[in-house]
Visitor: 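Dropping the structure in here first, questions after.
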Amino acid sequence: MLQTDYFAVTKQEEVELRQELGFDLPILIQYGKWIKGVLQLDFGKSYLNGKPVWDELMRRIPVTLELTLGAFVVMVLITVPLGVLAACYPNKFPDHLGRFLALMGASIPSFWFGLLLIHLFALELQWLSSIGRGTITHMILPSVTLGFSMATIYARLLRTGLLESFSQEYIRAARARGVQEWRILLFHALRAAMLPIITVFGMNIGYLLGGSVVTEMLFSWPGLGSMVIDAINGRDYPVIQGYIIFIGFFVVVINLLVDLFYFIIDPRIRHGEGLTR
């Protein structure tokens, strides 16, 4: 006969646990103690394993940043060639290819695209690994899954920015002086066209980290995404709170770095001329 009271908790054990977790205190005092802990980088301890949340975040963040860096590399490798070719050959095959890939990237959900990659390259061809973290072969599929959809959209932004730059007077003046086309593209047009891309990337950094949650679960990648999913399933509230605060702070820092990067890439900002002429 099944004993339903096998895992029953006595009233005394419940009282002791509430006192240990601080749930017996008024809600404002609980909130004040939590804020004080956050300011000291103390997010409490996990309900599931009893380990400090900050230590778990520090252990997982390099793994997630590794995946994010891989996705960023994939995004650059797709965005720059596709956007430059589409701008140099408007309304021709490279431009039509860019439009098609942009439509595919915006339409296909990342988890479904990842499943397609797993089926083709891990199951059918058996070229790459699809589970866990280890060698470079484990990193390729999740990086492509996370970076592809963003790359196709950014390629269209780069195309639009380059076409607008090509119509500017300083580009025409450089061509009149006999400057080589590759120098015009690399040192003038491309730098100006990167501004909107950097802006959108700073705004979408939250999407990149949010997409990593789905990708990490799909490929069993042991980063922050899989950690927070396990915490949600186990109702491990200190881990969930620590994750949200940490990611929010990370997004703010990235946007600050994006604003500072403007001074490097656009001389008009350094000289106080703004972005308008």
Side-chain angles (χ1 to χ4, degrees), residues 67-121 124-125 127-128 139-172 174-175 180-215 218-219 254 258 261-262 265-266 275:
L67 177 59
T68 304
L69 179 61
F72 179 78
V73 171
V74 170
M75 183 184 68
V76 172
L77 292 177
I78 297 176
T79 297
V80 175
L82 194 61
V84 170
L85 288 176
C88 293
Y89 302 96
N91 298 321
K92 294 183 179 180
F93 175 75
D95 193 14
H96 297 320
L97 177 63
R99 292 176 182 174
F100 174 76
L101 292 178
L103 179 62
M104 294 290 291
S107 303
I108 299 179
S110 60
F111 71 90
W112 191 72
F113 182 63
L115 290 175
L116 289 179
L117 294 180
I118 292 174
H119 178 76
L120 177 60
F121 293 102
E124 295 293 335
L125 300 177
W127 288 354
L128 301 171
M139 188 175 178
I140 294 177
L141 291 183
S143 298
V144 173
T145 300
L146 191 56
F148 174 75
S149 60
M150 296 182 64
T152 54
I153 297 174
Y154 288 163
R156 302 310 295 173
L157 289 175
L158 181 59
R159 171 194 179 273
T160 303
L162 285 175
L163 290 178
E164 182 178 353
S165 298
F166 287 155
S167 63
Q168 298 296 321
E169 294 182 359
Y170 65 92
I171 297 293
R172 292 196 293 266
R175 286 172 174 166
Q180 295 176 325
E181 284 293 328
W182 70 269
R183 295 182 64 88
I184 293 176
L185 174 64
L186 184 61
F187 295 106
H188 300 284
L190 190 58
R191 291 182 63 179
M194 287 297 293
L195 286 176
I197 295 180
I198 295 174
T199 302
V200 175
F201 179 77
M203 296 172 59
N204 288 346
I205 189 65
Y207 167 80
L208 185 62
L209 294 173
S212 69
V213 175
V214 178
T215 305
L218 185 62
F219 292 94
I254 290 297
V258 166
F261 192 67
Y262 287 160
I265 198 172
D266 195 333
L275 295 178

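Only heavy atoms go into these numbers, but all of them, side chains included; no hydrogens, no water, no symmetry mates.
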Visitor: Is any side-chain heavy atom of Leu103 closer than 4.5 Å to a side-chain heavy atom of Phe100?
Guide: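 In short, these two side chains do not touch, never coming nearer than 4.5 Å.
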Visitor: At what distance, to the nearest 0.5 angstrom, does CD1 of Ile140 lie from CZ of Phe121?
Guide: 9.5 Å
Visitor: Determine whether Val144 and Phe113 make a side-chain contact, defined as any pair of heavy atoms from C-beta on separated by less than 4.5 Å.
Guide: yes
Visitor: What is the minimum heavy-atom distance between Val80 and Leu158, and which atoms define it?
Guide: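 Minimum heavy-atom separation between Val80 and Leu158: CA-CD2, 3.8 Å.
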Visitor: Quick check: closest heavy atoms across Pro94 and Leu82, and the distance to 0.1 Å?
Guide: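 Looks like O-CD1, 4.5 Å.
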Visitor: In Å and rounded to the nearest 0.5 Å, what is the CG to CG distance from Leu141 to Leu146?
Guide: 12.5 Å
Visitor: Among Leu97, Asp95, Leu101, whose side chain to side chain contact (heavy atoms under 4.5 Å, CB included) with Arg99 holds?
Guide: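 Among Leu97, Asp95, Leu101, the one that satisfies the side chain to side chain contact (heavy atoms under 4.5 Å, CB included) with Arg99 is Asp95.
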Visitor: Drop me the distance from Met75's CE to Ile153's CD1, to the nearest 0.5 angstrom.
Guide: 11.0 Å
Visitor: Which atom names give the shortest non-hydrogen contact between Leu162 and Ala87, and what distance separates them?
Guide: CB-CB, 3.6 Å
Visitor: For Phe111 and Leu218, which heavy atoms make the closest approach, and how far apart are they?
Guide: O-CD2, 3.5 Å
Visitor: Taking all heavy atoms of Ala102 and all of Arg156, pick out the closest pair and write down the distance.
Guide: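 That closest heavy-atom pairing would be CB-CG, 3.5 Å.
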Visitor: Please find the pair of heavy atoms, one from Pro109 and one from Ser107, that lie closest to each other, and give the distance.
Guide: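 Residues Pro109 and Ser107, closest heavy atoms: CD-O, 3.4 Å.
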Visitor: Mark yes when over 12 heavy atoms from residues, nucleotides or ligands other than His96 sit less than 6.0 Å from its NE2; otherwise mark no.
Guide: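 It does: His96 NE2 has more than 12 such atoms within range.
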Visitor: Could you tell me the separation between the CG atom of Leu77 and the CZ atom of Phe148, rounded to the nearest 0.5 Å?
Guide: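 If we round to the nearest 0.5 Å, Leu77:CG and Phe148:CZ are 13.5 Å apart.
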Visitor: Can you list the steps and then say if Thr145 with Phe219 is a side-chain contact (heavy atoms from CB on, under 4.5 Å)?
Guide: CA-CA 10 Å; Thr145 300; Phe219 292 94; 3.5 Å; yes
